[in-house]
Amino acid sequence: MPDNLVLIGFSGTGKSTIGRLLAERLDWPLVDVDAEIVRHFGKSIGAVFAAEGEVAFRAVERQLVAETLDGQRQIVSLGGGAMVDLESRALARRGNVVIRLEARPETILARLWRTPNAEERPMLQGEDPLGRIRSLLVARADAYANANLVVDTEEKAPERVVEEIVGWLERGRT
Ligand code: S3P
């Protein structure tokens with residue numbers, strides 16, 4: 001088994017749900033780096049972006065990714081922008097298995113509007129959230145390409161996504 005299973009992908013691709021189910025299935029702890037950031041600042045991610053700005057957010061994100069990936073046998077869910085950082089990207093690839101979850105921009109937007117406080121999400125700000133998601137997916141293509149496995153979550157029950165991942169691990173990652 002690798003050191004950690006690291007889930008990456010844009011918001012709304014299912015990292016939290018799949019992370020929780022995968023953690024239950026493998027009996028490994030789940031570390032959600034976004035939740036660690038909220039704990040660190042003592043406020044929501046929207047409030048951190050608003051009060052401290054993205055640069056401060058990214059600096060703490062980088063530090064918490066490094067601390068988390070120091071551990072072993074964990075399911076680690078990274079925030080959608082974490083892999084853009086070259087240091088975090090290198091750490092994620094080193095000794096861990098990186099699993100990218102995917103969905104179409106329209107599906108991502110529909111899922112995000114169904115989550116609490118959707119209007120506070122920094123990446124949905126502005127007139128045209130769908131256009132923003134599309135352009136961020138293009139801009140982040142290199143970051144998201146750093147995966148050992150890519151799983152399309154489109155029109156799939158979360159349990160099925162988990163079975164695909166577990167099956168792939170059990171087959172020796174082929
Ligand atoms: C972000 C994604 C969010 C969170 C922050 C920034 C991004 O994480 O880290 O709002 O840059 O795409 P999720 O992918 O868990 O929503």
Side-chain angles (χ1 to χ4, degrees), residues 4-23 29-69 74-89 91-92 96 98-147 149-154 158 161-162 165:
N4 300 289
L5 293 181
V6 183
L7 298 177
I8 67 166
F10 203 79
S11 304
T13 52
K15 297 182 302 277
S16 304
T17 307
I18 303 304
R20 188 172 39 77
L21 293 175
L22 207 50
L30 170 68
V31 182
D32 181 327
V33 173
D34 277 345
E36 299 299 314
I37 297 172
V38 167
R39 202 195 325 266
H40 173 95
F41 283 102
K43 51 186 152 193
S44 73
I45 287 178
V48 174
F49 266 71
E52 341 275 336
E54 181 166 358
V55 173
F57 173 88
R58 296 295 175 198
V60 170
E61 181 177 52
R62 181 184 305 120
Q63 178 199 323
L64 292 174
V65 167
E67 282 173 20
T68 303
L69 292 178
Q74 315 167 95
I75 310 295
V76 179
S77 171
L78 296 187
M83 289 292 278
V84 174
D85 181 79
L86 293 178
E87 240 176 271
S88 299
R89 201 186 293 184
L91 284 176
N96 305 299
V98 180
I99 300 169
R100 169 167 130 234
L101 303 180
E102 273 192 338
R104 291 185 305 125
E106 293 78 5
T107 305
I108 288 174
L109 186 63
R111 287 181 185 164
L112 291 179
W113 283 138
R114 290 199 294 266
T115 62
N117 307 324
E119 64 290 344
E120 268 191 34
R121 283 181 175 268
M123 296 303 138
L124 292 186
Q125 302 298 312
E127 296 275 286
D128 176 17
L130 187 58
R132 183 101 201 273
I133 292 169
R134 286 203 180 105
S135 59
L136 281 168
L137 285 173
V138 171
R140 293 177 175 179
D142 280 357
Y144 292 152
N146 290 272
L149 175 70
V150 180
V151 185
D152 182 6
T153 66
E154 203 67 51
V161 173
V162 169
I165 296 171

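Counting convention: from 1, in listed order, for ligands and their atoms alike. Just so it is clear, the values below take in all heavy atoms, side chains as well, and ignore hydrogens, waters and symmetry mates. Predicted, not measured: the structure shown is a model, and the values here were computed from it.
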For ligand 1, which atoms sit closer than 4.0 Å to a heavy atom of [X]?
X: Ile45; value: 5 (C), 10 (O)
X: Phe57; value: 5 (C), 9 (O)
X: Arg140; value: 7 (C), 11 (O), 12 (O)
X: Pro122; value: 10 (O)

How far is [atom] from its nearest protein heavy atom, and which residue and atom is that?
atom: atom 14 (O) of ligand 1; answer: Lys15 NZ, 2.6 Å
atom: atom 16 (O) of ligand 1; answer: Ser11 OG, 2.7 Å
atom: atom 3 (C) of ligand 1; answer: Asp34 OD2, 3.6 Å

May I have the list of side-chain donor-acceptor pairs in residues 11-18 shorter than 3.5 Å, sequence neighbours left out?
{"from": "Thr13", "atom 1": "OG1", "to": "Phe10", "atom 2": "O", "distance (Å)": "2.6"}
{"from": "Lys15", "atom 1": "NZ", "to": "Gly9", "atom 2": "O", "distance (Å)": "2.7"}
{"from": "Lys15", "atom 1": "NZ", "to": "Phe10", "atom 2": "O", "distance (Å)": "3.2"}

Is the closest basic N to carboxylate O distance between Arg121 and Glu119 below 4.0 Å?
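Salt bridge: no.
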
Glu67 bridged to Arg62 by N-O distance under 4.0 Å
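So Glu67 does not pair with Arg62 through a salt bridge.
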
What's the separation between atom CZ in Arg134 and atom CG in Asp128, rounded to the nearest 0.5 Å?
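If we round to the nearest 0.5 Å, Arg134:CZ and Asp128:CG are 8.0 Å apart.
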
Does the side chain of Thr107 come under 3.5 Å of the side chain of Glu154 through a donor N or O and an acceptor N or O?
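Note: Thr107 and Glu154 side chains meet the donor-acceptor criterion.
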
Would you check if there is a donor-acceptor pair between the side chains of Thr153 and Arg111 at a distance under 3.5 Å?
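Indeed, the side chains of Arg111 and Thr153 share at least one donor-acceptor pair under 3.5 Å.
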
Of the choices Arg58, Arg121, Met83, Glu54, which has the non-hydrogen atom that lies closest to atom 11 (O) of ligand 1?
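Considering heavy atoms of Arg58, Arg121, Met83, Glu54, the nearest to atom 11 (O) of ligand 1 sits in Arg58.
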
Report the C-alpha separation of Thr68 and Gln74 in whole Å, then their side-chain angles, then the decisive distance to 0.1 Å, and conclude whether the side-chain hydrogen bond (donor to acceptor under 3.5 Å, both in side chains) test is met.
CA-CA 9 Å; Thr68 303; Gln74 315 167 95; over 6 Å; no

Would you check whether Phe49 has a nitrogen or oxygen atom less than 3.5 angstrom from a nitrogen or oxygen atom of ligand 1?
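Between Phe49 and ligand 1, no N or O pair is found under 3.5 Å apart.
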
